[in-house]
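What you see is a predicted model, and the numbers here were worked out from it, not measured in a lab. Atoms considered below: every heavy atom in the structure, side chains included; atoms not considered: hydrogens, waters and symmetry mates. By convention in this document, chain letters (A, B, ...) are assigned in the order of the sequence lines, proteins followed by strands, and residues within each chain are numbered from 1.
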Protein chains: 2
Amino acid sequence: MALEKTSRVEQRQSPTVVEIAKRAGCSIATVSRVLNRPETVAIDLRERILHIVDELGYVPNGSARALRSSRSRLIGLIVPTLDSAIFTRMLEGLESRLAPAGASLVYSATGYDLDREIRVVRNLIEKGVDGIALVGNYHRKETLKLLREHKVRFAVTYALSDDVSIPSMGFDNRAGGALAANYLADLGHRNFGVIAGVTRENDRASGRLEGFLAMAERRGISRSNIVVVESPYEFSRGRAAAKIILNQNRNVTAIFCGSDVLAVGALRGCRDAGLRVPEDMSMIGFDNLDIAEYLTPGLTTVDVPARLMGEQAANYFLADQSSLDIHSRVELETRLIVRESTAPARIRQ
Amino acid sequence: MALEKTSRVEQRQSPTVVEIAKRAGCSIATVSRVLNRPETVAIDLRERILHIVDELGYVPNGSARALRSSRSRLIGLIVPTLDSAIFTRMLEGLESRLAPAGASLVYSATGYDLDREIRVVRNLIEKGVDGIALVGNYHRKETLKLLREHKVRFAVTYALSDDVSIPSMGFDNRAGGALAANYLADLGHRNFGVIAGVTRENDRASGRLEGFLAMAERRGISRSNIVVVESPYEFSRGRAAAKIILNQNRNVTAIFCGSDVLAVGALRGCRDAGLRVPEDMSMIGFDNLDIAEYLTPGLTTVDVPARLMGEQAANYFLADQSSLDIHSRVELETRLIVRESTAPARIRQ
DNA sequence: AGCCCAATTGAAATCGTTACCATAGGAAGA
DNA sequence: TCTTCCTATGGTAACGATTTCAATTGGGCT
């Protein structure tokens, strides 16, 4: 028995504009118009097409669209990691703004490795993203070169860029550090411990540290009264760092941490050492993670507008060419959130 | 003066396979082969092409590739939210496996809204993702229909699917809840509070609750001795829920929380009420977030293999058609992590 | 009545790859 | 020496949209 020519045609595939056009009795160009600029198509034809689209459950092919129009509606986000929860809120903010616009977020992590960042950027460019949000100002030349050569819009977050040609939506990390130093000085503390993030190739960590140190100096505190330890942003590292500080200078009455994660660890380190916070030791964090309020004691910390940065970045990437500059530099504020982990200085007995 | 025909050609655009082929003196087909199945091209020609690729900084156009081959190397992840940090580790696990394979993760949130999930899925399909990781077993028919009609591979995480045709990499939420009840019973507790997540259309939250209740019953504890409160996964809600439980039954000596976030809030709620944990009240969480170990007191909790689920999901999506079934159902284990927030029951005075 | 312009629609080129098929050349086997 | 087969390569047609550009129509104006 001969096989039918069009044997298993029944196997229905996803419909394309061709199918829509056929059913609507119009050209594919018109279908495309209805999908993209509906107002340019006569109302009745438009409705008819829309009806068919709905009926067939037509979903446009994004790859085809991206190939032809060179716009993918994909925005890349590159952060060091989400492990420490610092960047999660920004990610949420970014995505929450992208989604309603039909855009999607492509997430990539670098693990604080700038060389890996190059590869990640290349990968994102390959995916055809319309824009990339980066963290901080330290990047390999190669990274920037890739971005520029492929004309991919990008922006820096979590910091402000000195280079005006680089859009940034961030805050002044130095100012944040200064906030902490100032407050601690107000409370009468004169001997500090600082648990900074790793400052190498990290302008956020180094900015916070510098800001703290500069303000301490302005408040007449000798640099020799400040013990600085650098640690990766991990609970366990904060704990260990606190112990180092305690061993190094028994007069320290306040510790400033470059992130809340470090502060949580340091809180634990103090507890291990039998110190009470804030009675024996004041503690300030950085980030104002949600958890900060619910720790015991509640953590005094520098609030970072993480979600807002994400939203602002989204605004920037979503903006059309004409209004681009409006959104290209957004300076946000940090502020000190005072809770229970800080108290006036007291001489340790 | 006449304008040159090819006036501002200098404006170099990103090179394509055509340019590569021209310089290598071969066809674009061969360039494509070098990029995709290098072993099929003679070694010297291959090297020559690779050299040119490198020299020109050629980056393939993913849209074109996706359009033609209908593989985008994009994997979608849809979770309710990252706010509560529960899903972040899974996301990290997923991405960490995807990246080395040249694939990228597209992140979308639903805000626990199943109708929004439909739109999110459609959007992801439009982007041409090769697969989608979902959370849990509750989904709208429409969601599954979209997935099936467009032949998009998908998998369920954070739970196991009853339907064998649905791949899942997860764990038994009921077993996790049972773990908690069993341990608390071992410690001699007979009056429980449970702060469950919102169980409506959420099989993880309801599974944990059911598992706890079932085991409690098996251990001879009357249902009337158990106060159940449901709360969204937010610190503040956990805090409030603890107070409700405390008011409702003064005999409660242990609280099981459907997530660590709720437990942190509940810890605070107990502190507000002047109760010491674990002396006056035992507390068990669920998730084993990194923070759990660093709380005061350290939180006893049910560990969830979040990162592992992400990695397994990645394995599944990265697997080729032939070895698909190998990875299509991965049951992972929960285990109880005992820390300082639980202690033997003591009669409240 | 004649002209012009705006509003609609269609035809066809194009985006950059991959996949299919054809072909040439050389090795292996008879 | 002739077939046969395999390997390496090229030519070219898709993939499914968007984007010119051109054509048609009808209304408003003079």
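- Open room surrounds OH on A:Y138; 12 or fewer heavy atoms of other groups in view lie less than 6.0 Å from it.
- Across all strands shown, A:R71 has heavy atoms under 4.0 Å from sugar-phosphate atoms exclusively, and none from any base.
- Under a 3.5 Å cut-off, the side chain of B:E92 and the backbone N or O of A:D83 do form a donor-acceptor pair.
- With hydrogens and angles left out, the side chain of B:R65 and the base of C:dT17 share no donor-acceptor pair within 3.5 Å.
- For the pair B:V31 and A:R37, both in contact range of DNA chain D, the more 5′-proximal nearest nucleotide belongs to B:V31.
- Here the C1' atom of nucleotide C:dG16 and the NZ atom of B:K22 are 14 Å apart, to the nearest Å.
- Residue B:L35 contributes atom CG, which lies 15 Å from atom P of C:dG16 at whole-angstrom precision.
- For the pair A:R48 CZ and C:dT8 P, the computed distance is 15 Å after rounding to whole Å.
- Looking at which nucleotide of DNA chain C each of B:V17 and A:T40 is closest to, the 5′-most match is held by A:T40.
- Atom pair B:I28:CD1 and C:dT17:C1' shows a separation of 7 Å (rounding to whole Å applied).
- The pair B:R73-B:D130 does not count as a salt bridge, with every side-chain nitrogen at least 4.0 angstrom from each carboxylate oxygen.
- Nucleotide C:dT17 holds its C1' atom 7 Å from the OH atom of B:Y58, rounded to whole Å.
- Using a 4.0 Å heavy-atom criterion, one finds that B:A42 contacts the sugar-phosphate atoms exclusively.
- Between the P atom of C:dT9 and the CZ atom of A:R33 lies a distance of 8 Å, rounded to the nearest Å.
- Pairing each heavy atom of B:M169 with each of B:A155, the nearest pair is SD-CB, 3.7 Å.
- Interface limits on DNA chain D: the 5'-most and 3'-most nucleotides within less than 4.0 Å of chain B heavy atoms are D:dA8 to D:dG16.
- Among the atoms of the strands shown, only primed sugar atoms or phosphate atoms (P, OP1, OP2) are found under 4.0 Å from some heavy atom of B:G25.
- B:R71 is linked by a salt bridge (Lys or Arg N to Asp or Glu O under 4.0 Å) to nothing, counting only residues two or more places apart in sequence or in another chain.
- OP1 or OP2 of C:dG10 has at least one side-chain nitrogen or oxygen of A:T30 nearer than 4.0 Å.
- Nearest-nucleotide assignment on DNA chain D puts the 5′-proximal partner with B:L45, out of B:L45 and B:R68.
- In this structure, A:R46 atom CZ and C:dT8 atom P are separated by 9 Å, rounded to whole Å.
- Salt bridge absent: A:R89 and A:E311 never bring a charged side-chain N and a carboxylate O closer than 4.0 Å.
- With hydrogens and angles ignored, the 3.5 Å screen pairs no side-chain donor or acceptor of B:S168 with any backbone N or O of B:T157.
- Side-chain nitrogen and oxygen atoms of B:N36 include at least one within less than 4.0 Å of the OP1 or OP2 phosphate oxygen of C:dT18.
- Across B:Y316 and B:R153, no two heavy atoms sit closer than the pair O-NH1, 2.9 Å.
- Note on B:S32: a base of the nucleic acid sits closer than 4.0 angstrom, heavy atoms only.
- With respect to A:R23 and A:E19, a salt bridge is recorded, a charged nitrogen being found less than 4.0 Å from a carboxylate O.
- With the end axes of the helix from C:dA1-D:dT30 to C:dA30-D:dT1 each set by five pairs, the angle from one to the other reads 30° at 10° resolution.
- Under 4.0 angstrom from either OP1 or OP2 of C:dT18 there lies no side-chain N or O belonging to B:S69.
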*asked:* With side-chain contact (heavy atoms from CB on, under 4.5 Å) as the criterion, how do A:E126 and B:R65 come out once you've worked through the C-alpha distance, each side chain's angles and the decisive distance to 0.1 Å?
replied: CA-CA 10 Å; A:E126 188 168 331; B:R65 171 186 303 213; 4.0 Å; yes
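- If you take CG of B:L67 and P of C:dT17, they are 12 Å apart, rounded to a whole angstrom.
- Using a 4.0 Å heavy-atom distance criterion, A:V41 is classed as a sugar-phosphate-only contact.
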